Amino acid sequence: MRVYLPCTLPALALAVEAGGLGPAPLIGYAVTPALIEWYASGDTEELEYVALTEAARASLRMLAADRADGVEAAPRRVVIAAEVPEGMITAGADLEERARVRIADAVPLTTVAAVHVDDTGAAADIEAAIAALPAADEGDDDAQFTVDGAEAHDLMWFATQEIPDLLRP
């Protein structure tokens, strides 16, 4: 099953060094039965885009958490697309995150199909979205508009052999 795992560039570097993403359990996003039911008119490609978008939102939160912990990371959302055996996946029941899944084991890099990353041109909007997250979480509509503005940027697709290029300073 294709699963979209939220990440950051520093976390991607650690995953490359370790040979995979972990430790388990991991949170990812996929085309779940709840997502299919909710998005009844979408085809598989549209549903995968919804799961990818949910993972990108989670990546934005990971960037904000890194900043709060003093970890400096480029303002680029990162989503790793991996093929994970269905037996390792449990779909979430939270209606707010219909695509959310829990992965029972670490995900080896050999299962990664691609990496999706913001273009450097999105940096200003991603920085603004990171700064606006706390106010958006408190219900500020203007801040939520700023956070949503990050989604105006489509993530670029990178093949696995391009990962080292993404990690160069």
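The structure displayed is predicted, hence computed values, not measured ones. Atom set for the values below is all heavy atoms of this structure, side chains included, hydrogens, waters and symmetry mates excluded.
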Any chance you could measure [X], atom [atom1], to [Y], atom [atom2], to the nearest 0.5 Å?
X    : Y    : atom1 : atom2 : answer
T90  : I103 : OG1   : CD1   : 9.5 Å
L155 : T53  : CG    : OG1   : 7.5 Å
M62  : L5   : CE    : CG    : 9.5 Å
L133 : E138 : CG    : CD    : 11.5 Å
T8   : L63  : OG1   : CG    : 6.0 Å

What heavy-atom pair brings [X] and [Y] nearest, and what distance separates the two atoms?
X    : Y    : result
Q161 : P164 : O-CD, 3.5 Å
A129 : L60  : CB-CD2, 3.8 Å
A143 : A136 : CB-N, 3.5 Å
A106 : A24  : N-CB, 3.7 Å
L9   : A74  : CD1-CB, 4.0 Å
Y29  : A51  : CB-O, 3.4 Å

pair [X]-[Y]: side-chain heavy atoms closer than 4.5 Å:
X    : Y    : value
F158 : V117 : yes
V101 : I27  : no
R100 : E54  : no
R57  : R77  : no
I130 : I126 : yes
L35  : T32  : yes
L12  : V115 : yes

> Is D137 salt-bridged to R61, going by a charged N under 4.0 Å from an acidic O?
Replying inline: yes
* Kindly indicate, with the supporting measurements, whether the criterion salt bridge (Lys or Arg N to Asp or Glu O under 4.0 Å) is fulfilled by E83 and R2. => CA-CA 5 Å; E83 294 298 328; R2 175 67 51 103; 2.6 Å; yes
Pairing residues for [X] by the salt bridge (charged side-chain N to carboxylate O under 4.0 Å, His left out) criterion, not counting sequence neighbours:
X    : value
D119 : none
E46  : none
R76  : none
E72  : R67

In this structure, would [X] and [Y] fall into the same cluster of hydrophobic residues linked by side-chain contacts under 4.5 Å?
X    : Y   : result
I80  : L14 : no
V107 : M1  : yes
L52  : V31 : no
W38  : L47 : yes
V3   : V78 : yes

Could you check whether any side-chain N or O of [X] sits under 3.5 Å from a backbone N or O of [Y], counting only pairs where one atom can act as donor and the other as acceptor?
X    : Y    : result
S59  : C7   : yes
T111 : A82  : no
E151 : D148 : no

- Using only heavy-atom distances, determine whether the side chains of D140 and Q144 contain a donor-acceptor pair under 3.5 Å. no
*Under a single-linkage rule joining Ile, Leu, Val, Met, Phe, Trp and Tyr whose side-chain heavy atoms are separated by less than 4.5 Å, which residues share a cluster with V71?*
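Reading the cluster by chain and number, V71 sits alone, since nothing else belongs.
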Connected to W157, directly or through other members, by ILVMFWY side-chain contacts below 4.5 Å are none
